[in-house]
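Chain naming here is simple, since letters A, B, ... match the order of the sequence lines and numbering starts at 1 in each. Small disclaimer: the values here were computed from a predicted structure and weren't measured.
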2 protein chains.
Amino acid sequence: MKRITIYDVAKEASVSLATVSRVINGSEVVREDTRMKVQEAIEKLGYKPNAIAQGLALQKTTTIAFVIPEASFFYTGQIINGLIDVAKIYNYNMVLHTTTEGISATSDIIETIIKSRVDGVVIFNDKLDKDEITTLTNYDVPIVVIGNRISDNNICSVYVDYETLIYDYATRYYDAGKKDIALIEDRKNPAMIEQLQHGLQRVYKDHGETFKNFVKIPKEYRSSYEYLKEYFKTNKHDLIVTYRDSQAMAVLNTAKELGIKIPEDMELVCVLDSKYNAMARPQISGFKIPDYDLGAVSMRIMTKMLQEGEKDGYNRETELSYVYTARETTK
Amino acid sequence: MKRITIYDVAKEASVSLATVSRVINGSEVVREDTRMKVQEAIEKLGYKPNAIAQGLALQKTTTIAFVIPEASFFYTGQIINGLIDVAKIYNYNMVLHTTTEGISATSDIIETIIKSRVDGVVIFNDKLDKDEITTLTNYDVPIVVIGNRISDNNICSVYVDYETLIYDYATRYYDAGKKDIALIEDRKNPAMIEQLQHGLQRVYKDHGETFKNFVKIPKEYRSSYEYLKEYFKTNKHDLIVTYRDSQAMAVLNTAKELGIKIPEDMELVCVLDSKYNAMARPQISGFKIPDYDLGAVSMRIMTKMLQEGEKDGYNRETELSYVYTARETTK
DNA sequence: GTGAAAGCGCTAACAT
DNA sequence: ATGTTAGCGCTTTCAC
């Protein structure tokens, strides 16, 4: 099947290809009757402009690259939805790249991204360090980073301040005399855990103490659950902080099995709230993180960065807020 | 910052652009010393071939479009991971499109896909009907459909046979005298539910009876949970079948609240297994659906479709199997 | 208001 | 083994 081109349309409508181009791009200077003629030819032939050729001629692709570690979690999906919805409104396409360990190094991905001449790139990545982002800076393509507070000439970021989140929350506990607060490690989200750690450290430091209850999951344990079953046999705290729902549920289950009453004996909060927290029994308290908005806002900022004129229409760093939902695992 | 092109490299290396092109594409006919010369020039200038221009010249984009309803569920993410991992191995890029209701009609998406001249499209969609897929057929781009058994000239499909899955499973219950089997509706996955319904209908038909226990969630209820709380006050069955984990958990919670013992009074199986099923108490039995493989296999088939020579190296329809995991909600 | 022609950056015959 | 040249499909001056 022959791909029909702008030439075919031009011939069909007995005009030059320049005129067809003008019609496609909604140029005002075309006379109404020729516009109709061209429009008809387009319909008749079922012509679809070749975005690749347009990209070449215009030196832009109207495409944004999105890089994520893996598309595994529910909230990653939500971020993607946010990004895509806004991208659509502004007629951008999205290409998706993932930094699966073993299968593709970040440098390879950057390579492909540069080659594909996208207009911008949005990065959501726990592991991507500043060096790698700096590499991207060299190609002077606009970048929006989701999750980490970072900014530069053509780098913006959209994030939630987990450090302050947990600082504020834990401080209330500390001040109420519940000073024994523990944080469960999450190997899959090291960057987030680090932020939480910093927040808790500040709480203790404020009172001249040191935060010590960082519960690491030893490598030999297949899951947090396996280890926690051991851990809680000999440990108990006033408040347990986890990052993901599945870890909170692991705490819930082990506690029940060991006869630790939640929230009476021990309280539990899951930073990253999810529908599963509400389905657990007792229902797990958590913070509603605006995952969809993280995506949507990022893309909106990207579109602004891409508009020459709007150079000052956006902030380099955008902090998104969260809402605490008290459920049954906290008093 | 001036984008440096193949011409710049040619000039730098004092060769023609054809030679540079040959080096880039690993042509064998280039003498070693000139290859080195060119390679050096490429390094020095930091040249990256423009994939857009390559696409134009080669009439192919090495890009696959992927269409999903929404990136919300965990398994959608897994499918994406499978797709991407394989896509990477074969050096394909992926563009992601979603059919968010309200924001973008499927026809618009098809429009953009066609314009972007992707080499193939993978579709995972409950709602996309055959008409829409047929529209794509007109543009003779290779298509792989995930989830539904469907095939045509340039359409392949990869799927799990939910009908047979539940038919086999429910038959065992029926034959054991547990004839009261109910299926919970899932508005978000109508196509899957339909398959399950067909399977159960066959079970009853085999015995000259009619399957009636399809539990619809009335529109006025915000969630399955809200309705099920009412439903189970006056209803009880031998076996409850749900599609997603969250619905199974809703059944679990309402049952517990109403004093219905699971699995003693009523058994429960969740077709689409997830880690949350294992975290629930009692743990929910389910089928391990190979979500990652659905993606991976689909992309593998796509690469085969794209290879001219390999016309017969793949099946039009590929059925993937599942593994049943008995846990605590079934006897 | 419309057409002719020069690119956009690259590949692939075809020459040499 | 390397260079020349004609596209790939489109946009955009610049003439008319």
Side-chain angles (χ1 to χ4, degrees), chain A residues 1-39 41-42 45-63 91 93 112 114-119 139, chain B residues 1-39 41-42 45-63 91 112 114-119 139 308:
Chain A
M1 171 183 155
K2 184 189 176 303
R3 295 274 180 216
I4 81 113
T5 76
I6 198 169
Y7 289 97
D8 303 319
V9 178
K11 191 188 293 173
E12 178 72 28
S14 318
V15 295
S16 80
L17 76 170
T19 303
V20 178
S21 175
R22 291 193 185 99
V23 172
I24 294 168
N25 298 294
S27 167
E28 293 303 325
V29 295
V30 187
R31 213 172 48 212
E32 196 50 34
D33 56 330
T34 64
R35 175 192 302 288
M36 296 296 282
K37 220 169 39 177
V38 173
Q39 208 59 266
I42 290 178
L45 277 62
Y47 167 70
K48 310 271 179 217
N50 182 332
I52 303 296
Q54 284 180 319
L56 227 207
L58 288 175
Q59 299 277 65
K60 57 175 184 166
T61 53
T62 56
T63 297
N91 282 315
N93 296 316
T112 355
I114 297 304
K115 285 183 183 168
S116 67
R117 299 291 193 271
V118 293
D119 296 338
Y139 301 104
Chain B
M1 171 184 155
K2 183 189 177 304
R3 294 274 179 216
I4 83 112
T5 76
I6 199 168
Y7 289 97
D8 302 319
V9 177
K11 192 188 292 172
E12 177 73 28
S14 316
V15 294
S16 79
L17 76 169
T19 303
V20 178
S21 175
R22 289 192 186 98
V23 171
I24 294 168
N25 298 294
S27 169
E28 293 303 326
V29 294
V30 187
R31 214 171 49 211
E32 197 49 35
D33 58 329
T34 65
R35 173 191 305 287
M36 297 296 281
K37 218 168 40 178
V38 173
Q39 209 60 265
I42 290 178
L45 276 58
Y47 167 71
K48 308 273 179 213
N50 183 331
I52 302 296
Q54 284 180 317
L56 226 207
L58 288 174
Q59 298 276 65
K60 56 177 185 164
T61 52
T62 56
T63 297
N91 281 315
T112 6
I114 297 304
K115 284 183 183 168
S116 68
R117 300 290 193 273
V118 294
D119 295 338
Y139 301 103
E308 285 308 322

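Residues satisfying the side chain to side chain contact (heavy atoms under 4.5 Å, CB included) criterion with A:Q39, sequence neighbours excluded, are A:V23, A:I42. Scanning for salt bridge (charged side-chain N to carboxylate O under 4.0 Å, His left out) contacts around B:R117 gives an empty result, with sequence neighbours left out. In this structure, the side chain to side chain contact (heavy atoms under 4.5 Å, CB included) partners of B:L56, at least two apart in sequence or on a different chain, are A:I52, A:A53, A:L56. Taking the side chain to side chain contact (heavy atoms under 4.5 Å, CB included) definition, one finds that A:I6 meets it with A:L17, A:V20, A:S21, A:I24, A:Y47, sequence neighbours left out. Taking A:N91 as the reference, nothing meets the side-chain hydrogen bond (donor to acceptor under 3.5 Å, both in side chains) condition, with sequence neighbours excluded. Evaluation of the side chain to side chain contact (heavy atoms under 4.5 Å, CB included) rule for B:K60 yields B:L58, B:D119 as partners, not counting sequence neighbours. Not a single side-chain hydrogen bond (donor to acceptor under 3.5 Å, both in side chains) links A:K37 to another residue, sequence neighbours left out.
For the helix from C:dG1-D:dC16 to C:dT16-D:dA1, the terminal axes (five pairs an end, C1' atoms, rotation from four pairs onto the next four) enclose an angle of 40°, given to 10 degrees.
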- For each nucleotide in nucleotides 7-16 of chain D, reading 5' to 3', give B when a protein heavy atom comes within less than 4.0 Å of its base, S when such contact involves only the sugar-phosphate, and - otherwise. BBBBBBB---

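The stretch residues 9-23 of chain B participates, sequence neighbours left out, in these salt bridge (Lys or Arg N to Asp or Glu O under 4.0 Å) pairs: B:E12-B:K44. Under the salt bridge (Lys or Arg N to Asp or Glu O under 4.0 Å) criterion, the residue pairs touching residues 46-56 of chain A are A:K48-B:E111, with sequence neighbours excluded.
Contact footprint of chain A on DNA chain C: nucleotides with an atom under 4.0 Å from a non-hydrogen protein atom, first to last in 5' to 3' order, C:dG1 to C:dG9.
The phosphate of D:dT2 (OP1 or OP2) has a side-chain N or O of B:T34 nearer than 4.0 angstrom.
Across all non-hydrogen atoms, the minimal contact from A:A13 to A:A41 is CB-CB, 3.8 Å.
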